[in-house]
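Okay, structure first, notes after.
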Amino acid sequence: MTAGAFAGLDPCVHCGFCLQSCPTFLVTGDEADGPRGRIVLMQGLRSGRMAPNDPELTLHLDRCLGCRACEPVCPSGVRYGPALEAARHVLAHARPVPLAARAVHAVMAEPALRRPALAIARLLRPIARRLAGPSRVGFALGMLAATAPAPLNGTARTREERQRDGTAPPLSAAPATPVAVFTGCIMSGLFGHVHAATRRVLAANGYTVVDVPGQGCCGALHAHAGQHEAAATLARRNAARFAALSASTVVAVNSAGCGAMLRSYGALLAGDPLQLEAEALAGRTRDVTELLAARGPRRGAAVPLRAAYDPPCHLLHAQGVAEAPAAVLGAVPELDLVSHGEAEVCCGSAGSYSLVQPALSRQVLERKLEALREVRPEIVITGNPGCAMQIGAGLLADGGSAHIAHPVEVLDWSYERAGVYDD
């Protein structure tokens with residue numbers, strides 16, 4: 001896998017088109033903190049000219065967010081993301097992954113550890129919101145606070161109000177399609193409200209939701225840190241669990257990072273006894289907004305909020321999904337979507353990046369916060385848990401009142417107001 005991934009760097013002609021798309025280069029201005037410089041470093045690692053423990057190599061590869069914003073703008077088609085993970089795999093065998101990251105990865109991978117830890121975290125969210133702030137500890141608490149469901153901000157309506165306004169829009173006449181929701185680790189533990197909204201809006205758009213017991217963490221955190229063996233173990237488990245689904249069942253993912261990871265399972269498990277099952281899972285994986293957009297989606301009632309949509313990097317850049325979230329939010333009347341100049345730039349979360357590179361992570365986030373201050377949204381909409389936690393913590397540290405929501409949550413609010421879920 002490593003040799004093939006490094007080969008994805010070969011088309012690079014060092015033109016520099018990628019530099020202005022790179023969040024860390026925009027912050028530091030250092031060529032080695034941009035894709036072009038890092039490609040040179042990775043080519044040095046590949047050829048043996050640089051040792052895996054070379055401090056210059058490790059410094060600048062560690063500081064990469066892995067957002068893959070450089071890939072869509074590259075005229076030569078360089079596959080940067082897989083090469084970065086391959087390089088980090090080599091680095092992880094030369095020196096240990098930071099302890100904080102390893103601890104988080106271990107907890108997320110093991111349900112017996114993850115479930116009680118995240119249950120305690122849920123109980124602490126009200127306290128975390130009160131103590132959130134700009135300090136490192138306050139920011140961490142803000143990340144936890146941002147996982148709580150956003151209040152409806154007065155959007156709820158009574159049944160009588162809905163009846164006065166008319167009946168709910170009819171269900172699509174398209175035949176029902178079976179769909180399984182990928183539950184993951186952070187999403188199931190801290191964003192259960194997003195899973196619940198996902199199930200409701202899928203059902204309201206003609207999908208039949210089926211369960212897949214025994215699934216778990218996708219392994220994205222581990223793969224991004226170079227822990228490929230751990231990522232492969234998790235991929236095998238998920239591939240085996242989802243192999244029991246009928247051929248017509250699609251897999252809905254409401255976490256951009258998980259979706260990108262599932263879609264890479266075939267490459268991750270190349271040559272593995274479960275390669276075919278992994279490729280099948282990758283092929284049937286869709287972001288939830290793609291599935292909803294394929295059905296319209298069904299329109300709801302007005303949700304009069306000023307909102308900013310912030311596309312997750314692993315949805316926009318890694319998976320190339322741009323139009324589907326717009327279609328979902330377009331089905332919500334009176335949602336005032338405002339654009340900001342940093343929407344396509346990484347927020348600085350990047351899995352466990354904010355743990356191991358806290359200062360640079362906050363510098364990257366500050367650009368986005370400054371753009372959001374200019375448009376003053378009541379709610380920021382994004383489709384990835386790490387992005388929600390990072391941006392949400394930044395908003396709390398700023399003293400703002402804006403909340404974070406997933407696109408399906410906003411559509412869910414709209415359906416509730418329209419009476420779609422009424423008996």
Side-chain angles (χ1 to χ4, degrees), residues 23-24 27 65-67 98 100-101 103-104 107-108 117-118 120-151 153 184-187 189-194 220-221 224 255-257 307-315 340 342-343 345-407 409:
T24 52
V27 168
L65 289 152
C67 68
V104 170
V107 171
M108 292 303 107
L118 296 184
I120 294 171
R122 289 195 301 271
L123 294 175
L124 294 176
R125 286 190 294 205
I127 299 172
R129 188 169 189 88
R130 289 197 294 271
L131 299 178
S135 70
R136 186 167 181 182
V137 172
F139 193 83
L141 291 170
M143 294 183 78
L144 175 58
T147 67
N153 294 332
C185 54
I186 288 286
M187 288 301 295
L190 295 179
F191 292 89
H193 52 285
V194 177
L221 294 174
H224 298 335
S255 163
Y309 173 62
D310 207 81
C313 294
H314 278 83
L315 185 63
H340 66 90
E342 293 288 309
V345 181
C346 185
C347 67
S349 171
S352 52
Y353 186 92
S354 60
L355 284 176
V356 297
Q357 298 285 341
L360 190 53
S361 173
R362 293 284 293 275
Q363 286 180 276
V364 170
L365 174 64
E366 180 55 32
R367 291 175 56 97
K368 191 177 293 288
L369 292 177
E370 181 59 35
L372 289 171
R373 291 182 196 115
E374 294 180 6
V375 298
R376 302 187 308 277
E378 296 173 85
I379 195 160
V380 178
I381 303 169
T382 191
N384 191 62
C387 303
M389 295 170 74
Q390 176 87 344
I391 298 172
L395 294 171
L396 287 170
D398 242 9
S401 59
H403 290 274
I404 296 288
H406 193 286
E409 286 187 274

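The residues of the chain are indexed from 1 along the displayed sequence. No experiment lies behind these values; they were computed from the predicted model shown.
Under a 3.5 Å cut-off, the side chain of S352 and the backbone N or O of L355 do not form any donor-acceptor pair. Using a distance-only test at 3.5 Å, with no hydrogens or angles considered, a donor-acceptor pair links the side chain of R125 to the main chain of T147. A distance-only check finds a donor-acceptor pair linking the side chain of S361 to the backbone of G348 [under 3.5 Å].
Atom CG of L141 and atom CD1 of I127 lie 9.5 Å apart (nearest 0.5 Å). For the atom pair F139 CZ and S354 OG, the distance stands at 7.0 Å (nearest 0.5 Å). With values rounded to the nearest 0.5 angstrom, I391 atom CD1 is found 7.0 Å from L372 atom CG. Rounding to the nearest 0.5 Å gives a distance of 6.0 Å between CG of L190 and CE of M389. Once rounded to the nearest 0.5 Å, the distance linking CD1 of I404 with CD of E409 reads 10.0 Å. With rounding to the nearest 0.5 angstrom, the SG atom of C387 is 13.5 Å from the CD1 atom of I381.
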| request: Decide yes or no on side chain to side chain contact (heavy atoms under 4.5 Å, CB included) for L118 and M108, but give the supporting numbers first. | output: CA-CA 9 Å; L118 296 184; M108 292 303 107; 4.2 Å; yes

| task | Take M143 and Q390 through the side chain to side chain contact (heavy atoms under 4.5 Å, CB included) test and state the conclusion after the steps. | result | CA-CA 6 Å; M143 294 183 78; Q390 176 87 344; 4.1 Å; yes

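Scanning all heavy atoms of the two residues, the minimum distance from G142 to L396 falls at O-CD1, 3.8 Å. Pairing each heavy atom of E342 with each of A371, the nearest pair is CG-CB, 3.8 Å. Heavy-atom minimum distance, Y309 versus L315: OH-CD2, 3.9 Å. Residues I186 and P385 share a closest heavy-atom pair of CG2-CB, 3.8 Å. Contact between V364 and C347 at its shortest, heavy atoms only, is CG1-C, 3.9 Å. Minimum heavy-atom separation, A128 to L144: CB-CD2, 4.0 Å.
Remark: the N384 side chain and the H406 side chain contain no N/O donor-acceptor pair separated by less than 3.5 Å.
Of the options R373, K368, R367, a side-chain hydrogen bond (donor to acceptor under 3.5 Å, both in side chains) to E370 is made by R373 and by none of the others.
Side-chain contact between H403 and L395 is absent, with no heavy-atom pair separated by less than 4.5 Å.
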